[in-house]
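Values reported hereafter were calculated over all heavy atoms of this structure, with side chains retained and with hydrogens, waters and symmetry mates removed.
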Amino acid sequence: MKNDQTLGEILRDQGISRRGFLKFCAATASLLALPPGSVTAIAAALESARRPSVIWLSFQECTGCTESLTRSDAASIEDLIFNTISLDYHHTLQAASGTGAEDARQSAMKENWGKYLLVVDGSIPTGNPGFSTIAGISNVDMLMEVAAGAAAIVAVGSCASFGGIPHASPNPTGAVSVADLISDKPVINVPGCPPIPVVIAGVLTQFLTFGIPELDELHRPMAFYGKSIHDRCYRRPFYDKGLFAETFDDEGARKGWCLYKLGCKGPTTYNACATTKWNEGTSFPIQSGHPCLGCSQPDFWDAGGFYQALSIPTGDISRAAVYGAGAGIAAGALMGALNRGRKSHAVRVHKKVTIDDLEKEHEK
Amino acid sequence: MTEIRNDTEFRQKLESLDHARQRILAARFVENVLPFCNDERVSRIVKIASDPHASADELATALRTAKAAIIDSHARCGAECDWKDQAGYFVARAAAAAVSPAGQSAGGPAWQAAMGSRMAATCRSIDSTEDNAGQAKMQQYLILSEFLTS
Amino acid sequence: MSGASLERGINALKEQIDAPTATFFSACVHCGMCAEACLFFTETGDPKYTPIHKLEPMRKVWHQEYTFWGKFARILGLSKPLTDAELTEWETLVYDSCTLCGRCSMVCPVGNDIAYMIRKMREGMAASGHAPAGMIGATRRAVTIGSPMGVKLPALEAQIRHTEEEIGFAIPVDVVGAEYLCTLSSMEIMNFPEYIGAIARIFHETGVSWTISSEAFEATNSGIQIGVSDIAAELVERIVRAAEKLKVKAVISPECGHAYTAIRWEGPNLIGRPYPFKVFHILEVLDDLRKTGKLHTTGKESRRLTYHDPCQISRRGGVFEQPRNLLNMVAENFVEMPENGIMNWCCGAGGGVSANERADELKMKAFRRKKAQLDAVAPDAVVSACANCRIQLEEGLEVNNMDIPVISLTETIAEHLAGETSTEARQS
Amino acid sequence: MTETEFLLWARGPAFQGATVIFVLGVTFRLLEILLLGRKPNLAEPRGSAMLGGLRTIVTRSFPDAGTHKRSAFTHYMGYIFHIGFFITLLLYAPHILVIEKAFGVSWPALPTTVVDATAVITMIALIAVLLHRLKDPVLRFLSNFQDYFAWFLTILPLLTGYIAFHRVGLPPPALIAIHILSVELLMVVFPFTKLMHAFTLFMARWYNGAIAGYKGVNS
């Protein structure tokens with residue numbers, strides 16, 4: 001891997017025609033909802049982009065994000081991009097291991113100090129450093145060390161973005177997200193469990209060409225996380241008409257009606273599943289008949305059950321009502337008794353009103 | 001001097017008279033009990049009633065004043081009753097009957113005026129000892145018989 | 001310590017407040033619709049005459065005495081206890097501007113029976129010395145003399161003698177074992193004695209056995225108007241004793257509004273026991289005679305007649321079909337006022353307002369509501385069945401110089417009696 | 001406290017607490033009222049009090065022509081916002097899910113866009129009612145703090161619900177949480193304000209109808 005070649009030169013070495021490359025840039029431009037005119041800008045930027053050095057740190061993660069990233073099942077342009085960027089450290093993908101791997105990381109950092117891109121997946125345990133280490137170095141220390149020289153950090157997956165499953169209560173390892181620890185460097189969250197492959201590639205492309213993309217309040221690129229699943233869901237008309245599947249295999253489910261009643265978190269989940277879909281646009285959870293879990297939202301594991309709507313009570317309301325009624329009856333009976341006592345007292349002390357009692361003492 | 005023995009006969013003779021003469025007779029009956037009423041409007045009404053040539057609208061205005069006199073003199077609900085004032089109220093009603101047009105009430109103006117006057121006399125006698133009611137009836141018989149013979 | 005006092009007033013209110021009262025105060029949503037049903041508001045436009053507002057003092061006693069929140073607020077000093085000054089201010093609202101007509105109770109969307117509560121609030125007002133002078137005088141006379149206007153037995157006997165002469169047969173007095181005991185209201189005895197002749201002739205014609213009691217001829221009950229149940233019970237007790245002594249089967253309430261409410265509906269609850277006899281309004285008796293075919297009338301009034309429903313008889317009493325049945329017997333041109341029957345508009349003088357001089361001006365203003373109804377119908381005469389309504393209608397029409405005679409339904413029926421004792425037949 | 005935790009708290013313990021206070025408060029107030037009791041009527045009845053009462057509960061919702069003409073505005077606006085409020089509450093799919101989760105009963109829902117429109121109409125009617133309460137001399141004279149506070153308590157859930165539905169401003173979980181909190185505020189204060197008329201109305205109408213029915217009058 002020669003570091004000084006530009007992306008354009010490398011692609012041509014791989015036999016990618018100029019047209020093929022421009023087609024990829026057009027696809028990405030449309031994906032990012034950029035105007036057609038920007039295709040040439042993307043092409044120029046990509047072509048001349050120095051091969052960025054990328055250090056990929058994996059902490060408390062299930063490698064799902066990496067799996068989604070590499071999608072070993074089919075080679076694709078995204079694949080080639082990753083071949084062309086200088087992925088200097090990825091302890092799952094790289095051949096080296098042990099001190100060799102660490103030396104490669106140290107040298108990459110030294111050479112590209114301040115310019116390399118740090119990609120993190122997995123959450124960082126702060127409970128006890130021993131929970132998760134690489135080469136004897138705790139994730140926290142390694143993150144701090146590598147982040148110091150990074151130009152920007154991309155947190156891939158819900159674990160790195162919001163803490164993910166390790167962070168789910170009771171969060172035994174004290175797992176936190178990247179943004180919880182790093183505040184001096186720009187952090188781009190690419191949540192999802194896992195995120196959509198094309199979204200990861202899209203974010204990196206957008207970063208390479210335009211730098212830090214526009215982010216929402218959860219630091220997620222607006223290009224992919226600006227709209228909720230609900231807004232783009234093909235079943236939305238059923239929701240509007242009030243046609244819902246009541247159970248997983250009932251008539252409504254088979255007719256593809258809205259899965260809101262089965263706990264779909266589409267309305268409160270912001271991601272690109274409904275548009276870009278998964279596995280090259282084959283399908284996405286709702287299309288396959290399963291409610292969206294809201295995996296790109298913080299704490300979606302603890303959001304009160306995947307198969308319950310987000311806005312329904314979690315506690316036992318009828319029991320609460322029974323307790324309320326019981327207490328109410330007891331207190332009410334007491335107050336009622338007090339009232340009756342007070343009233344019968346008034347009746348007892350009643351002095352018969354005669355015609356001499358119709359005027360006040362002095363007026364008589 | 002035809003003798004009138006009882007009210008049935010008294011009423012028959014009154015109802016047999018034509019409206020104008022009944023009115024004059026009614027005026028006489030009311031005049032008889034006029035002292036019981038201190039509302040001078042009533043005495044004016046009696047004068048108009050007793051005038052055989054009184055015009056229709058004179059009678060109509062008299063009737064309206066009579067009605068006003070009735071309203072002003074009737075006993076107020078819940079107020080302490082004063083039978084002397086109440087006598088005045090019935091004199092006013094008798095006067096109103098005298099000047100009311102034909103067919104207004106059963107028995108005709110003369111009979112109504114007679115009854116009203118007798119009621120006025122009854123009211124006067126309530127708080128006092130003498131029996132005005134009986135005298136009023138006899139006087140009415142006398143007035144009628146004098147009227148019939150004249 | 002005799003005499004009225006704030007403490008006795010508040011105690012009276014505490015006695016009167018019951019589940020319906022508490023429900024009503026908890027249901028009122030301040031929607032203002034009761035104002036639109038009250039002629040004292042519609043004819044003056046003054047918001048203070050809004051019916052529910054007239055109950056504010058009692059609402060405060062309820063809130064402070066019978067609710068947790070109210071008691072708590074009072075302990076914290078957030079709500080001040082009722083003062084005598086407040087009751088003084090409310091006198092003109094609870095008495096002068098309310099005839100207990102109950103129209104507000106018919107329109108309240110949440111169903112508050114506001115008249116039911118005004119009747120109760122007056123118990124507190126009277127016991128604390130806030131009843132109007134005129135009504136106190138009338139009540140005193142009712143208890144001491146037997147009639148709110150001071151009509152004594154000799155006066156009634158004189159009226160009876162006069163009527164006997166007029167109708168030509170005797171009027172039964174103190175007849176033991178008669179079927180009906182007839183009571184009379186002072187207003188009738190004084191202003192409309194023809195009523196006595198009318199019922200005498202009707203009962204004579206239809207062969208009804210009846211009597212008047214010399215011990216309890218007075219039907220009215222100023223106790224329920226002023227709001228003193230103790231006195232009201234005493235007045236009712238007199239009639240009950242007389243009825244029991246004369247062993248009558250039923251007592252007839254005359255052409256008077258509140259007398260019917262007092263003897264028919266409140267009486268048994270006032271004296272604490274059901275009657276051993278029935279109670280009817282005179283119109284109920286007449287209609288019954290009509291239904292059983294005993295009552296025959298001839299000739300029809302050609303004049304355009306309309307009927308004014310006295311509130312205590314129709315809306316608060318339930319006697320509203322009978323007058324129509326009777327009127328249709330004797331009137332060919334009977335036309336209903338807009339909003340009649342149980343939704344009629346009050347004449348403005350009931351519930352003791354006519355006995356309260358302070359309310360005279362307001363009473364005449366309130367009459368304009370009835371004037372509007374009469375303008376809409378333009379009758380030749382107004383028929384009604386309450387002496388107090390008749391006086392108010394006569395005065396109101398006079399003040400508005402409308403020349404419409406006001407006649408009694410019972411007297412009109414009597415005039416049209418078909419039998420031998422009617423005026424035409426008497427010649428024989 | 002992230003939005004999700006905020007929402008979890010709002011729809012969890014907070015909603016349970018509000019339910020307890022609501023049911024406790026209403027039961028307490030109803031007993032506080034009913035246990036005052038009522039004297040039996042010794043007069044001879046002409047009609048049936050029970051039937052009269054039940055009858056008035058229904059008929060009092062349909063005023064006669066004269067009464068209607070005199071308070072047409074109050075009638076129309078009152079009907080619109082009450083019916084609108086209940087449609088929004090009872091015929092909107094997510095609400096039905098809440099009821100189903102709480103009490104196990106469920107029924108079909110209206111299309112969500114229809115409910116959304118109804119909520120808007122309801123809010124407009126409520127605002128109209130407020131303006132009327134401020135302008136009309138009788139209403140301005142009668143109204144106290146509680147009237148305006150009850151109005152606020154009623155429109156708040158509609159407003160926050162509308163915002164949550166359209167996901168404007170804050171992230172949706174926060175909006176839903178705020179909406180649920182506004183409902184809880186309504187539930188907690190409900191028993192101690194005139195909102196109790198939702199329950200006492202039926203008792204009051206029954207008493208009214210019974211008192212009149214006993215005397216043979218359909219009130």
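Chosen from A:Y239, A:F162, A:F300, the residue pairing most often with chain D at heavy-atom distances under 4.5 Å is A:Y239. Between chain A and the options D:I96, D:V115, D:L24, the largest number of non-hydrogen pairs under 4.5 Å is found for D:L24. Counting heavy-atom pairs under 4.5 Å between each of D:I21, D:T112, D:L36 and chain A puts D:T112 at the top. With chain D as partner, the option from A:G336, A:P313, A:A333 having the largest number of non-hydrogen pairs under 4.5 angstrom is A:P313. With chain A as the partner, the residue from D:S106, D:P94, D:P108 showing the most heavy-atom pairs under 4.5 Å is D:P94. Ranked by heavy-atom pairs under 4.5 Å with chain A, the first of D:T113, D:L7, D:T27 is D:T27. No other option in A:S311, A:G242, A:A337 has as many heavy-atom pairs under 4.5 Å with chain D as A:S311.
Looking at A:Y270, only its side chain comes within 4.5 Å of chain D, counting heavy atoms on both sides. In this structure, the portion of D:Y92 lying under 4.5 Å from any heavy atom of chain A is its side chain and not its backbone. Contact of A:T269 with chain D is not made at all, since no heavy-atom distance falls under 4.5 Å. When heavy atoms are compared at a cutoff of 4.5 Å, A:K241 approaches chain D solely by way of its backbone atoms N, CA, C and O. Contact of A:E246 with chain D is not made at all, since no heavy-atom distance falls under 4.5 Å. For A:F244, the part lying under 4.5 angstrom from a heavy atom of chain D is the side chain only.
The shortest non-hydrogen separation linking A:N339 to D:E32 is ND2-O, 3.3 Å. Taking both residues in full, the closest heavy atoms of D:Q16 and A:A320 are given as O-CB, 3.8 Å, listed atom of the first, atom of the second, then distance.
A 6.0 Å sphere centred on NZ of A:K352 holds more than 12 heavy atoms belonging to other residues, nucleotides or ligands. In the displayed structure, A:F248 atom CZ is contacted under 6.0 Å by more than 12 heavy atoms of other residues, nucleotides or ligands. Few gaps surround CZ on A:F306; more than 12 heavy atoms of other groups in view lie less than 6.0 Å from it. Around CZ of D:F141, the count of heavy atoms belonging to other residues, nucleotides or ligands within 6.0 Å exceeds 12.
Between D:R11 and A:Q308, the closest side-chain pair of non-hydrogen atoms falls below 4.5 Å. Taking 4.5 Å as the limit, every side-chain heavy atom of D:L31 sits out of range of all side-chain heavy atoms of A:M335.
The backbone N or O of A:A303 sits nowhere less than 3.5 Å from a side-chain atom of D:T4 that would complete a donor-acceptor pair. Between the side chain of D:R167 and the backbone N or O of A:T268, no donor-acceptor pair lies under 3.5 Å.
Tested against D:K101, the residues A:I312, A:I317, A:T314 include a single side chain to side chain contact (heavy atoms under 4.5 Å, CB included) partner, A:I312.
Distance check: A:L334 CG to D:F28 CZ gives 8.0 Å after rounding to the nearest 0.5 Å.
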